[in-house]
Amino acid sequence: MPGYRGHLAGGFFFGIMGVVGAIMLGWLAQDPLEIAGLIGFCLLGALFPDVDTDSKGQSLFYSLMIFVDATLIYLKMYLWAAWLGLFAMLPAIGHHRGWTHTWWAMLVVPLPIILLSVVLMGIQNLEPFIRLYLAFVLGYFSHLMLDGEFT
């Protein structure tokens, strides 16, 4: 089982391959800011399954969550900040290698990226949110695959 560095490397590899594939298929423009965001979400997904234990991955994940939450508060996006804070606490409900290491969690955990966009914000163009969702799922998949969850 790889540590946080291995999971970050796996998430980065999967993120780069996903972005290259999406660009080659014409599903994604070559926008450096969006590409960086997608790879960032892929890295978050790669770290997420281990946030239920005291680890370097947990420290990195929550450090980034604090930065993002503070940014949302600064931008007066309080509703998004509140939801992020709520969902960031969910891993504390289980034990290590519990629900966070399941295939269904890989699909369900990032679902608020899309659902909150529709329900709370009334956003009609979901394409960018679907890409963020898929990037997180891809990173999550890389973590579960490296941990041998699909063998």
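We number each residue from 1, following the sequence as shown. Computed from a predicted structure; not experimentally measured. Basis for what follows: all heavy atoms, side chains included, without hydrogens, waters or symmetry-related copies.
L84 and Y78 sit in two unconnected hydrophobic clusters of ILVMFWY residues. Membership requires side-chain heavy atoms under 4.5 Å apart, directly or through other members. Using a 4.5 Å cut-off between side-chain heavy atoms of Ile, Leu, Val, Met, Phe, Trp and Tyr, with links allowed through other members, L138 and W27 fall into different hydrophobic clusters. Both I35 and F13 are part of a single hydrophobic cluster, where members link through side-chain heavy atoms under 4.5 Å apart. L25 and L28 fall into different hydrophobic clusters, where Ile, Leu, Val, Met, Phe, Trp and Tyr side chains are chained together by heavy-atom contacts under 4.5 Å. One hydrophobic cluster holds both I130 and I123 under the rule that ILVMFWY side chains link at heavy-atom gaps under 4.5 Å.
Sequence neighbours left out, the pairs with a member in residues 48-70 that pass ring pair (Phe, Tyr, Trp, His ring centres under 6.0 Å) are F48-F61, F48-Y140.
With rounding to the nearest 0.5 Å, the separation of CG in L72 from CE in M65 is 9.5 Å. Distance OG/S59 to OH/Y4: 9.5 Å, rounded to 0.5 Å. Atoms CG and CG, on L8 and L43 in that order, are 6.0 Å from each other to the nearest 0.5 Å. Atoms CE and CZ, from M106 and F141 in turn, are 6.5 Å apart once rounded to the nearest 0.5 Å. Atom-to-atom distance recorded for W103:CH2 and L144:CG is 11.5 Å, nearest 0.5 angstrom.
Side chain of Y74 to backbone of D69: no donor-acceptor contact under 3.5 angstrom is found. A donor-acceptor pair under 3.5 Å links the side-chain atoms of H7 to the main chain of P2, judged by distance alone. With hydrogens and angles disregarded, a donor-acceptor distance shorter than 3.5 Å links the side chain of D31 to the backbone of L33.
Using a 4.5 Å cut-off on side-chain heavy atoms (C-beta onward), Q58 and D50 make no contact. The closest side-chain heavy-atom distance from T71 to M77 is not below 4.5 Å. Considering only heavy atoms from C-beta on, H143 comes within 4.5 Å of H101 through its side chain. Looking at heavy atoms from C-beta onward, P49 lies out of side-chain contact with D147 at the 4.5 angstrom threshold.
Shortest non-hydrogen contact noted between V137 and P110 is CG2-CG, 3.6 Å. Taking both residues in full, the closest heavy atoms of A46 and S142 are given as CB-OG, 3.9 Å, listed atom of the first, atom of the second, then distance.
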- Between L60 and L47, is a side chain to side chain contact (heavy atoms under 4.5 Å, CB included) present by the stated rule, with each step listed? CA-CA 8 Å; L60 287 171; L47 287 176; 4.1 Å; yes
- Are L79 and W83 close enough, and set up right, to give a side chain to side chain contact (heavy atoms under 4.5 Å, CB included), and what steps lead you there? CA-CA 6 Å; L79 194 54; W83 281 106; 3.8 Å; yes
- Message: Show, in sequence, the C-alpha distance, side-chain angles and deciding distance for F41 and Y133, and conclude whether the ring-ring contact (aromatic ring centres under 6.0 Å, His included) test is met.
- Response: CA-CA 8 Å; F41 266 70; Y133 169 83; over 10 Å; no
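Enclosure of atom CZ in F87 by more than 12 non-hydrogen atoms of other residues, nucleotides or ligands within 6.0 angstrom is indicated.
Ring planes of W80 and F129: parallel class, angle under 30° (limits at 30 and 60°).
Annotation for I66: hydrophobic cluster partners, listed by chain and number, are none (ILVMFWY side-chain heavy atoms under 4.5 Å, direct or chained).
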